[in-house]
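Working notes, structure below.
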Amino acid sequence: MHCPSRRLLSLALLAALLVTVAAPPAAAAPAVKIKNAELFETSLEVARQALDQYGVYDDKEQQKRINDIGYRVAQESGFTDFPFTFHAIGMPEPNAFALPGGHIFVTRGMLELGLDDDMLANLLGHEVAHVVLDHHAKMQRRATLLQILGQALLVGVLIGAGGSDSSYDPRDPVGNAGRSSQRGDMIQGAAAASVILPELLLRSFSRDHEDEADEEGQRWAAGAGFDPDGANRLFALMQARIPQSKRYGYWATHPFFDERVRSGEARAELLRTLQAKPADDFRLRTQATLLTWQQGVQVSGEDEYHKEPGLISRATSLFLEDEALAVWPQGAAAERIRLAKLQRLREAELSQQALERDYGKLIRAYLEQEEEVRALTPETPFLARLGEEKRSLQAQVEDLYPKARAILEEGVFETPFLERFLSNWPEASEVPRVALLLGDANARLDHQPDAVRYYLRTLETAAESGEASRAARGLKVLAPVLDNLSALQRLALQRNDDELAALAETRLGDKVEHFDDVDNGADYLDRFPDGPHAAAVGERMNLLADKLYAEVLLYQAIGDHVKAVERINKILTYAPLSPAADLLRDRAVLEA
């Protein structure tokens with residue numbers, strides 16, 4: 001059972017701790033013990049919430065590259081007060097930021113600029129330096145900025161407490177796009193914290209702090225074997241690819257561009273790139289620090305956040321586990337983490353009745369772990385165990401197939417049975433029929449994206465069949481009334497039916513000018529960032545965000561702060577690059 005009063009108190013302290021606790025840089029020998037437990041716990045929780053809100057950037061090669069480069073650079077700092085962890089986060093704007101407990105973030109938008117290794121090393125070195133030099137505790141107006149954050153947390157939690165049911169999972173505060181009628185309630189203060197935090201924490205860095213971070217970042221990058229001129233090439237790339245505006249992404253949080261370029265050019269001429277040194281031991285010590293922290297505290301049985309010393313939420317404990325695996329993904333500790341994750345998944349699924357189990361999800365998880373481990377340590381005996389458990393699951397699902405097929409033939413089943421059928425037996429001859437049934441069911445329920453997805457699967461798996469003809473008819477009925485922009489774009493791009501593509505394109509051309517929900521536009525831009533209608537969708541998003549901003553002012557004027565915060569969250573979550581979002585951020589600072 002959730003305890004609202006304790007949750008409100010703990011989340012209020014989340015911001016306050018960043019004001020009251022500061023950790024100076026240290027030059028001591030590497031140690032397992034974290035110097036400032038409270039600050040690390042606070043930073044850890046905010047990092048988890050930020051990734052919950054925006055999602056992990058789903059590019060494993062980029063995440064591996066960030067870790068490989070980041071730990072080589074961080075090792076040069078000699079810093080051991082906090083363990084560094086590096087994250088690729090799914091934010092669209094080009095940026096990078098650090099939390100005071102050692103959590104370093106690089107956004108999807110920054111990575112998509114095409115940074116080479118030297119550029120990335122200097123970027124990560126800059127963020128590492130903000131932590132090592134304790135710039136977060138020295139910022140101007142840090143107290144007032146974090147008080148704003150604390151207020152956002154409190155009001156946001158009140159929204160959630162009033163509207164969410166007991167099944168709310170803090171690990172997924174937003175839920176699946178477009179699927180929940182309580183979406184507005186579920187965008188809580190914790191999520192608002194992760195949206196606002198980078199802007200509020202970083203925008204007040206002084207010119208001296210930015211120059212110090214550039215200098216140390218370049219020096220550590222050179223010491224780790226990277227070209228210090230990568231900093232200047234990074235600036236040149238960003239200057240060419242993104243608007244140089246103090247309101248935009250990196251420029252908003254890392255100002256003083258011209259001065260930094262001149263200083264960086266001068267330093268690059270004096271610095272010498274040293275021979276690269278492996279960071280294996282440093283990474284292993286970092287992993288040990290994270291696991292010692294995780295195992296040395298009691299884990300709550302509930303998924304809510306508690307601030308009492310020595311007690312963390314289950315969600316945060318699992319997040320620590322994920323961080324430890326990313327730090328050093330091979331060896332005994334990594335294999336224990338992998339196995340524990342698989343066993344939790346397996347136990348949860350096998351506790352269901354046989355025909356309610358998603359064996360397909362389980363088998364895919366085992367295949368993914370096998371692939372990762374084989375690439376890292378192909379000789380490890382751990383692969384044999386993974387293979388044995390996977391084969392056991394495959395045997396079980398094969399034995400279950402005749403029974404599932406008989407139920408399908410009887411025609412008495414519910415939609416979840418059909419979804420599991422596709423997952424468990426994706427190559428079965430019944431797949432086109434099952435996908436068609438799911439398309440029909442989702443069309444009746446007005447779940448438009450799912451209806452389109454299942455109908456298209458029927459077309460793709462049995463193009464000349466009767467099921468495919470029925471799926472095509474269903475899509476042609478849907479296309480003229482579809483509201484979901486992503487679903488329309490997918491239909492317009494498919495090549496199985498030219499008439500269907502034309503219908504979808506006509507509808508899409510009209511909808512991009514008239515859609516009414518910012519989350520609809522945000523979903524389109526996320527799925528089709530270079531789509532043919534991306535510019536028009538972006539313009540419409542700005543208009544909708546302006547409308548929401550006007551509603552914020554109205555509700556604030558009449559004292560309805562709950563509705564005001566709901567609209568603030570919508571703007572910052574779905575239209576973070578809009579002029580309305582800039583106005584919100586500027587007002588927050590001016591009114592502090």
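Tyr455 approaches Ala471 most closely through the heavy-atom pair O-CB, 3.6 Å. Contact record, Leu408 with Phe413: O-CE2, 3.6 Å, taken as the closest heavy-atom pair. Scanning all heavy atoms of the two residues, the minimum distance from Ala479 to Leu488 falls at O-CD2, 3.7 Å. Among all heavy-atom pairs drawn from Leu51 and Ala88, the shortest one is CD2-O, 4.4 Å. The two residues Ala534 and Leu525 make their nearest non-hydrogen contact at O-CD2, 3.6 Å. The shortest heavy-atom contact between Ile337 and Ala324 is CD1-CB, 3.9 Å.
A salt bridge between Glu551 and Lys563 is absent, with no side-chain N of the basic residue lying under 4.0 Å from a carboxylate O of the acidic one. With respect to the salt-bridge test (charged N to carboxylate O, under 4.0 angstrom), the residues Glu566 and Lys570 do not qualify. Here Arg405 does not pair with Glu409 in a salt bridge; the nearest charged N to carboxylate O distance is not below 4.0 Å. Salt bridge status for Arg453 with Asp450: present, with a side-chain N to carboxylate O gap under 4.0 Å. Salt-bridge check for Lys390 with Glu370: passed, with a basic side-chain N closer than 4.0 Å to an acidic carboxylate O. Arg344 has a carboxylate O that lies under 4.0 Å from a charged side-chain N of Glu321, or vice versa, which qualifies the two as a salt bridge. Between Glu45 and Arg48 there is a salt bridge, with a side-chain nitrogen of the basic residue lying less than 4.0 Å from a carboxylate oxygen of the acidic one.
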task = Could you please spell out the steps behind the side-chain contact (heavy atoms from CB on, under 4.5 Å) verdict for Arg385 and Glu335?
result = CA-CA 11 Å; Arg385 176 164 187 178; Glu335 290 176 359; over 6 Å; no

task = Please assess Phe528 against Leu485 for the test side-chain contact (heavy atoms from CB on, under 4.5 Å), listing each intermediate value before the final yes or no.
result = CA-CA 10 Å; Phe528 300 98; Leu485 301 178; over 6 Å; no

request  = Check the pair Ile66 / Leu120 against side-chain contact (heavy atoms from CB on, under 4.5 Å), numbers first and verdict last.
outcome  = CA-CA 8 Å; Ile66 290 172; Leu120 183 57; 4.2 Å; yes

task = Could you go through the salt bridge (charged side-chain N to carboxylate O under 4.0 Å, His left out) check for Arg338 and Glu372 one step at a time?
result = CA-CA 10 Å; Arg338 293 180 191 277; Glu372 291 179 7; 2.7 Å; yes

task = Decide yes or no on side-chain contact (heavy atoms from CB on, under 4.5 Å) for Thr107 and Glu112, but give the supporting numbers first.
result = CA-CA 9 Å; Thr107 69; Glu112 288 176 344; over 6 Å; no

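Taking the side chain as every heavy atom from C-beta outward, Leu355 and Arg420 never approach each other to under 4.5 Å. Side chains of Leu339 and Gln369 form no contact here, defined as non-hydrogen atoms less than 4.5 Å apart. Two residues are said to be in side-chain contact when any heavy atoms from C-beta on lie closer than 4.5 Å; Leu456 and Leu491 meet this criterion. Within the 4.5 Å cutoff, side-chain heavy atoms of Leu437 are placed close to those of Arg433. Two residues are said to be in side-chain contact when any heavy atoms from C-beta on lie closer than 4.5 Å; Arg457 and Leu422 meet this criterion. Side-chain contact between Tyr454 and Leu436 is absent, with no heavy-atom pair separated by less than 4.5 Å. Using a 4.5 Å heavy-atom cutoff, the side chains of Leu111 and Val106 are in contact. For the pair Asn542/Pro579, a side-chain contact is recorded, criterion being any heavy-atom separation below 4.5 Å from C-beta on.
Under the 3.5 Å distance criterion, with hydrogens and angles disregarded, no donor-acceptor pair is assigned to the side chains of Arg357 and Gln352. One side chain, Asp358 or Ser423, offers a donor N or O that lies under 3.5 Å from an acceptor on the other. Using a 3.5 Å distance cut-off with no hydrogens or angles, the side chains of Ser486 and Asp523 do pair a donor with an acceptor. With 3.5 Å as the limit, one finds a donor-acceptor pair spanning the side chains of Glu505 and His533. No hydrogens or angles considered: nothing links the side chains of Tyr359 and Glu349 as a donor-acceptor pair under 3.5 Å. Counted by atom type alone, Tyr57 and Gln63 present zero donor-acceptor pairs between their side chains at under 3.5 Å. In this structure, a donor-acceptor pair under 3.5 Å is present between the side chains of Arg65 and Gln62. Defined by atom type and a distance below 3.5 Å, a donor-acceptor pair is present between the side-chain atoms of Glu323 and Thr85.
Taking CD1 of Ile104 as the reference point, atom CG of Asn67 lies at 11.5 Å (rounded to 0.5 Å). With values rounded to the nearest 0.5 angstrom, Tyr524 atom OH is found 11.5 Å from Asn484 atom CG. Atom OH of Tyr366 and atom CD of Gln394 lie 11.5 Å apart (nearest 0.5 Å). Atom CG of Leu503 and atom CG of Leu475 lie 10.5 Å apart (nearest 0.5 Å). How far NE2 of His447 is from CG of Leu438: 12.5 Å, rounded to the nearest 0.5 Å. Note that CG of Leu376 is 7.5 Å distant from NZ of Lys64, once rounded to the nearest 0.5 Å.
Without hydrogens or angle criteria, Gln494 side chain to Asn496 main chain gives a donor-acceptor distance under 3.5 Å. Thr458 contributes a side-chain N or O that, together with a main-chain N or O of Pro432, makes up a donor-acceptor pair within less than 3.5 Å. A donor-acceptor pair is defined here as one N or O able to donate and one able to accept, closer than 3.5 Å; such a pair exists between the side chain of Arg495 and the backbone of Leu493. Proximity of a side-chain donor or acceptor of His514 to a complementary backbone N or O of Asp510 within less than 3.5 Å is detected. Under the 3.5 Å distance criterion, the side-chain polar atoms of Arg540 are matched with a main-chain donor or acceptor of Phe515. Looking at Asn424, its side chain does come within 3.5 Å of a backbone N or O of Gly360 through a donor-acceptor pair. Using a distance-only test at 3.5 Å, with no hydrogens or angles considered, no donor-acceptor pair links the side chain of Asp517 to the main chain of Asn520.
In this structure, Trp425 and Tyr401 have tilted ring planes: the angle between them lies in the 30° to 60° band.
Residue pairs meeting the salt bridge (charged side-chain N to carboxylate O under 4.0 Å, His left out) criterion with at least one partner in residues 469-486, sequence neighbours excluded, are Asp440-Arg470, Lys476-Asp497, Lys476-Glu499, Asp483-Arg507, Asp483-Lys511.
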